[in-house]
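Everything on this sheet refers to the single structure shown next.
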Amino acid sequence: MPDTHTTDLVVLGGGPGGYAAAFLAADRGVQTTLIDAAPKPGGTCLHFGCIPSKTLLHVAEIIHAAQDAAEFGLAFDKPKIDLAKLRAKGDKIVETMSAALLKGCKDRGITHIVGRGTFVDRNTIQVDKGPSVKFQKCILAVGSIPAQLPLFDIGSKRILDSTAALHVDSVPKSLLVVGGGYIGLELGSVYAALGSAVTVVEMTPTLLPGVDADLVRPLHARLRAQLEKIYLSTKVSKIEETKDGVKAHFEGEADIKDATYEKVLVAVGRRPNTSNIGLDKIGVEIERGYIKTDAQRRTNIPHIFAIGDAAGEPMLAHKAAHEGKLAVEIITGDNGSAWDVRAMPAVVFTDPEIAWCGLTETDAKKTNRVVKIGVFRWGFSGRASTLGRNDGLTKVIVDPTTDQVLGVGVVGHGAGELIAEAVVAIEMGATAKDLAMCVHPHPTLSETIGEAAELLHGLSSHVFMPKKK
Ligand code: NAD
């Protein structure tokens, strides 16, 4: 490639936000260049996040299903785990998907440049060991990186971040997971299923802080049985490497002061990857670490847009992809487009899964919004019973005056798949009555959404509601 490359649109970052934007732009006829430091697109989600973790969570699910099968009269031996084969399978999935993305670039005529890009001025990005890219428009899709706590920076190989933990070099006898959020609980569950004695330490009084308490409760109950210990309202105050492992000192409500673990996974959040790419040099406005954008994902520099983790929470791949497509719509002249998502879904892929979208009960309380909530417990679900998984609930949150569905929350087996119906309902302005009147197939877990909606009207086939006098 020559020293200088000229393009109409440059997308910096090839994760789910960046490649979705680049693909749509090219499909709409824009001459597009995609720059990413990795040889193949896919970003953190594909290479070190969603996809590798879901591969491992699938394995954990199989192990748990085999254990749970005992109540159906099936007995399996303890699984023999071939870590090399497990890693190879994970690598193959990532390799196949990233190769397809690379082909997607090629098929669309997108110039794909491998290297780290840094802004030289408002229309030029210099690629490390690559060309200088002159552009008309830019979409920043630079993602996020794991947050580091200086406390854990003791230069020990026993201290892992999520990227290292996803590689599963070995199954430690004991693992301390610092942070009871998405990553801590997903990966903690994986290691527990593989055979580690896992302890989770979370500094707030609940797991998954911010998520509705009734959704977290069934997960907490199951984790209590699967994990060694869960310490809430507790922090690690000091950490030191000893000959046996890593000694963690606790501060807070944990009933012990210190303990030694073979390995420690630090999962205390992620931060936007906005440093060292020259944003300060060209004057891109940053707010609390995130790139500041308007409802069209335009930064303070009109021809530069920002999407995904770097542009604000929630840090979710599907939010990034949606923003990427929005930015391309604006760039290609759909000036009426703007961010108007009512129901951003979130899924924690634990066992049971937790999923929600739209207004949560927690947010309704925080903003003093009056809502009506229909809660259907899965004890009454035929499908949940046949799966041996009655430990779920589905709730539908509505506006009490209009009956319009504002939010839905689900905890239980397959919650991540179930939430899609709720997203459509909210985005289409459905009422609880609409949801109740839609025929849900029997026996499926989707019926729980219909039943929760029916409960809002005092009518449910499976829950008797005494008439008010
Ligand atoms: P998180 O914000 O979900 O959880 C971090 C947790 O660490 C919080 O509960 C916090 O209270 C706790 N914590 C912070 N400092 C602590 C300390 N010193 N001691 C003990 N606990 C401490 O962050 P994460 O789990 O690292 O994930 C990062 C982001 O990645 C998430 O916010 C999410 O947006 C995204 N993610 C999404 C998925 C998914 O969609 N399924 C999966 C993984 C990650």
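Every number for a ligand or one of its atoms is a count from 1 in the order of the listing. Computation of the quantities below employed the complete heavy-atom set of this structure, encompassing side-chain atoms and omitting hydrogens, waters and symmetry-equivalent molecules.
Distances below 4.0 Å separate heavy atoms of Phe349 from the following atoms of ligand 1: 41 (N). Heavy-atom contacts of Leu316 reach the following atoms of ligand 1: 40 (O) (cutoff under 4.0 Å). Less than 4.0 angstrom separates some heavy atom of Val201 from each of these atoms of ligand 1: 20 (C), 21 (N). Proximity to Leu149 (heavy-atom distance under 4.0 Å) selects the following atoms of ligand 1: 18 (N). Of all atoms in ligand 1, numbered sequentially from 1 with element shown, those under 4.0 Å from a heavy atom of Val178 are 19 (N), 20 (C). If you number the atoms of ligand 1 from 1 as listed, the ones under 4.0 Å from a heavy atom of Thr204 come out as 11 (O). Close contacts of ligand 1 with Gly179, meaning ligand atoms under 4.0 Å from a residue heavy atom, involve 6 (C), 7 (O), 12 (C), 21 (N). Listed by number with element, the atoms of ligand 1 under 4.0 Å from a non-hydrogen atom of Val347 are 39 (C), 40 (O), 41 (N).
Nearest to atom 30 (O) of ligand 1 by heavy-atom distance, out of Arg270, Glu186, Met203, Lys319, is Arg270. Of the listed options Pro205, Ala317, Gly269, Gly269 places a heavy atom closest to atom 24 (P) of ligand 1.
Using modelled atom types, one side-chain atom of Thr242 and one backbone atom of Gly245 make a donor-acceptor pair closer than 3.5 Å. Between the side chain of Ser196 and the backbone N or O of Pro172 there is at least one donor-acceptor pair closer than 3.5 Å. Judged by distance alone, the side chain of Asp36 and the main-chain N or O of Tyr19 form no donor-acceptor pair under 3.5 Å. Using a distance-only test at 3.5 Å, with no hydrogens or angles considered, no donor-acceptor pair links the side chain of Lys173 to the main chain of Glu262. Checked by atom type and distance alone, the side chain of Thr274 never pairs as donor or acceptor with a backbone atom of Tyr290 at under 3.5 Å.
Between Glu323 and Thr293, every side-chain heavy-atom pair lies at or beyond the 4.5 Å cut-off. Using a 4.5 Å heavy-atom threshold, the side chains of Arg383 and Leu387 count as touching.
With 3.5 Å as the limit, one finds a donor-acceptor pair spanning the side chains of Lys263 and Ser170.
At the top of the distance list for atom 5 (C) of ligand 1, counting protein heavy atoms only, stands Ala267 O, 3.5 Å. Nearest protein neighbour of atom 4 (O) of ligand 1, counting heavy atoms only, is Gly181 CA, 3.2 Å. Protein heavy atom nearest atom 3 (O) of ligand 1, with residue, atom name and distance: Tyr182 N, 3.2 Å. Closest to atom 34 (O) of ligand 1 among all protein heavy atoms lies Met315 O, 2.8 Å.
When only interatomic distances are considered, the shortest N/O to N/O separation between Ile183 and ligand 1 falls below 3.5 Å. Checking only distances, Glu202 does come within under 3.5 Å of ligand 1, N or O to N or O. Ligand 1 has no N or O atom lying under 3.5 Å from any N or O atom of Pro314, backbone or side chain.
For the pairing with Asp212, the salt bridge (Lys or Arg N to Asp or Glu O under 4.0 Å) check across Lys395, Lys366, Lys365 returns one residue only, Lys395. Put simply, the residue from Thr360, Leu359, Leu418, Val396 that forms a side-chain contact (heavy atoms from CB on, under 4.5 Å) with Val408 is Val396.
When all heavy atoms of Ile93 and Ile51 are compared, the closest pair comes out as CG2-CG2, 3.8 Å.
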